[in-house]
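Take a look at the structure set out below.
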Amino acid sequence: MNHRLLVTGGAGFIGSNFVHHWCRTYPNDQVVVLDALTYAGNRCNLAALEGRENFRFVQGNICDRAVIDQILQTENIDTIAHFAAESHVDRSILGPSAFVQTNVVGTFTLLEAFRQHWEVTLKPDYYRFLHVSTDEVYGSLGPNDPPFTETTSYAPNSPYSASKAGSDHLVRSYYHTYRLPAIITNCSNNYGPYQFPEKLIPLMCINALIGKQLPVYGDGKNVRDWLYVGDHCTALDRVIHFGIPGETYNIGGNNEVENITLVQMLCLLMDELAPSLLVRPTSDLITFVKDRPGHDRRYAINATKMKTHLGWSPSVTIQEGLRLTVEWYLHHRDWWEPLLSDEYQAYYQKIYS
Ligand code: NAD
Ligand code: TYD
């Protein structure tokens with residue numbers, strides 16, 4: 001059957017990759033993007049889809065019930081893929097308020113609107129609410145702890161992860177209370193095209209290209225489990241089509257790497273692939289800086305359930321994914337240069353000065 005999707009946050013990093021994946025794979029489905037276009041949202045990410053009959057972009061806020069109701073009814077939406085969020089830990093430390101508003105209140109508003117829409121349309125069994133969340137809700141692992149599973153207790157440590165945890169709990173409660181067909185995914189760190197340059201990998205790529213320091217927090221030994229964004233999109237596709245309402249699925253890259261090792265890998269790729277660099281070798285730019293407050297030491301995902309229940313596992317190795325990503329940032333200067341705005345410079349000063 002053809003689906004009619006509402007993708008919130010579809011102009012952001014993962015959301016836009018997902019929209020491209022969906023429109024390419026299911027050209028007969030209807031896709032509506034709702035995005036507030038905050039600093040992290042960029043309509044250029046969707047430029048290739050503008051004007052197509054099966055695609056529509058709406059600029060609006062997920063806290064605005066009227067705009068959501070209007071889209072759900074007029075577009076006859078059956079599936080929500082909910083990506084919209086404030087997503088950066090460092091910004092949540094500087095100003096947590098927007099995180100509570102968008103991540104908690106926004107998700108609640110969306111759930112209420114979708115519940116009403118689902119009830120009015122007589123609760124079709126193919127409706128889905130996919131809530132895209134993070135592994136950060138589980139807190140921090142010690143060096144020898146087993147990776148997070150779907151039953152690991154929640155222990156969020158930053159305002160970002162606490163607000164995502166709050167939204168997860170709301171989604172869970174809507175399934176248990178109202179049987180709203182909702183599914184939660186908790187994913188590890190993503191990387192790839194269209195990622196805003198506040199996050200580790202694009203920040204390092206762009207700083208290397210403009211000859212700026214590569215700031216590594218603390219001792220650089222924090223560990224993240226990196227997942228190529230294309231693999232995340234295929235995982236979410238499986239979850240929408242075959243996932244069971246009320247279930248949670250952990251999605252990970254099976255790629256645990258210390259930050260300093262990752263940055264060194266990026267430097268080697270830059271040295272190999274960039275024709276002109278202001279500083280070479282790029283690793284000369286690596287600078288250890290003051291640690292992030294409350295910095296979680298290690299995240300790692302056990303994605304066995306995705307493999308055994310939904311037949312998904314990641315296909316891109318970290319070496320392949322980093323090469324693709326470095327090449328993308330090298331060839332898309334026109335995409336990232338405008339993002340280094342006065343607002344970005346002011347943010348950068350606050351975090352790194
Ligand atoms: P992003 O910051 O790149 O994009 C977020 C998008 O949401 C932007 O387009 C922004 O304009 C939009 N948005 C923000 N507030 C909004 C509001 N109130 N109303 C409507 N739109 C709004 O984020 P991302 O990295 O693409 O993350 C997408 C989702 O995936 C988030 O929910 C995040 O928690 C989750 N996630 C991200 C990662 C990661 O590594 N990036 C890992 C796990 C989970
Ligand atoms: P980030 O991309 O912000 O994702 P998250 O905090 O959600 O995991 O950071 C990834 C890791 O890189 C994290 O351990 C913090 C670290 N980091 C740096 O060392 N320097 C930086 O400039 C940034 C942005 C992150």
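What you are looking at is a predicted structure, and each value in this text was computed from that prediction instead of being measured. In what follows, residues are counted from 1 in the order of the sequence shown. We count ligands from 1, going down the list as the structure has it; atoms in each ligand are counted the same way. What's counted below: heavy atoms across the whole structure, side chains too, no hydrogens, waters or symmetry copies.
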[atom] [closest protein heavy-atom partner, distance rounded to 0.1 Å]:
atom	result
atom 25 (C) of ligand 2	Tyr217 CE1, 3.6 Å
atom 8 (O) of ligand 2	Arg224 NE, 2.7 Å
atom 29 (C) of ligand 1	Phe83 O, 3.2 Å
atom 43 (C) of ligand 1	Cys187 O, 3.3 Å
atom 3 (O) of ligand 1	Phe13 N, 3.1 Å
atom 34 (O) of ligand 1	Tyr160 OH, 2.7 Å
atom 21 (N) of ligand 1	Ala36 N, 3.1 Å
atom 11 (O) of ligand 1	Asp35 OD1, 2.6 Å
atom 41 (N) of ligand 1	Ile14 CD1, 3.7 Å
atom 5 (C) of ligand 1	Ala85 O, 3.5 Å
atom 16 (C) of ligand 2	Asn259 ND2, 3.4 Å
atom 4 (O) of ligand 2	Asn189 ND2, 3.3 Å

Would you mind running through ligand 1 and noting each atom that sits below 4.0 Å from a heavy atom of [X]?
X	result
Leu37	11 (O)
Thr134	43 (C), 44 (C)
Ser188	42 (C), 43 (C)
Gly60	19 (N), 20 (C)
Asn189	40 (O)

**Q.** Ring centers of Phe196, Tyr39 separated by less than 6.0 Å
**A.** yes

Beyond-backbone contact of [X] with [Y], side-chain heavy atoms, under 4.5 angstrom:
X	Y	value
Leu236	Phe83	yes
Arg280	Met270	no
Ile251	Ile301	no
Ile68	His117	no
Leu203	Tyr352	yes

So, [X] side chain and [Y] main chain: donor-acceptor pair closer than 3.5 Å or not?
X	Y	result
Arg238	Gly311	yes
His20	Asn45	yes
Asn103	Lys164	no

Does ligand 1 come near enough to [X] that some N or O of the ligand is less than 3.5 Å from an N or O of the residue?
X	value
Asn42	no
Ser87	yes
His82	no
Thr38	yes

Of all the atoms in ligand 2, which lie at a distance below 4.0 Å from a heavy atom belonging to [X]?
X	result
Glu198	24 (C)
His88	3 (O)
Lys199	2 (O)
Pro215	18 (C), 19 (O), 20 (N), 21 (C), 22 (O)
Glu136	5 (P), 7 (O), 8 (O)
Val216	19 (O)

Side chains of [X] and [Y]: do they bring a donor and an acceptor to under 3.5 Å?
X	Y	result
Asp231	Ser315	yes
Tyr26	Asn54	no
Asp168	Asn186	yes
Thr134	Tyr299	no
Asp29	His3	no
Glu198	Tyr344	no

I'd like to know whether ligand 1 has [X] as a neighbour, heavy-atom separation below 4.0 Å.
X	result
Ala98	no
Gly10	no
Ser133	yes

For ligand 1, note which part of [X] has a heavy atom under 4.0 Å away: side chain, backbone, both or neither.
X	answer
Cys63	neither
Asp135	neither
Lys164	side chain

Among [options], closest by any non-hydrogen atom to [atom]:
atom	options	answer
atom 7 (O) of ligand 1	Ala84, Gly12, Gly15	Ala84
atom 18 (N) of ligand 1	Asn61, Asn190, Asp64, Leu34	Asn61
atom 3 (O) of ligand 2	Arg298, Arg292, Lys221	Arg292

Q: Could you check Trp335, Tyr329, Trp336, Trp328 and say which one makes a ring-ring contact (aromatic ring centres under 6.0 Å, His included) with His332?
A: Trp328

Q. Do Arg224 and Tyr191 meet the cation-pi criteria used here (NZ or CZ under 6.0 Å from the six-membered ring centre, within 45° of the axis)?
A. no

Q: Run the numbers on Glu75 and Arg56 for salt bridge (charged side-chain N to carboxylate O under 4.0 Å, His left out), then give the verdict.
A: CA-CA 10 Å; Glu75 298 285 351; Arg56 185 179 153 211; 2.4 Å; yes

Q: Using a strict cut-off of less than 4.0 Å between a Lys/Arg side-chain nitrogen and an Asp/Glu carboxylate oxygen, indicate whether Glu150 and Arg172 qualify as a salt bridge.
A: no

Q) Is there a ring-ring contact (aromatic ring centres under 6.0 Å, His included) between Tyr175 and Phe129 once you walk through the steps? A) CA-CA 10 Å; Tyr175 172 75; Phe129 186 103; over 10 Å; no

Answer with side chain, backbone, both or neither: which part of [X] has a heavy atom less than 4.0 angstrom from an atom of ligand 2?
X	value
His295	side chain
Thr134	neither
Leu200	both

Q | N/O separation below 3.5 Å, Tyr352 to ligand 2 | A | yes

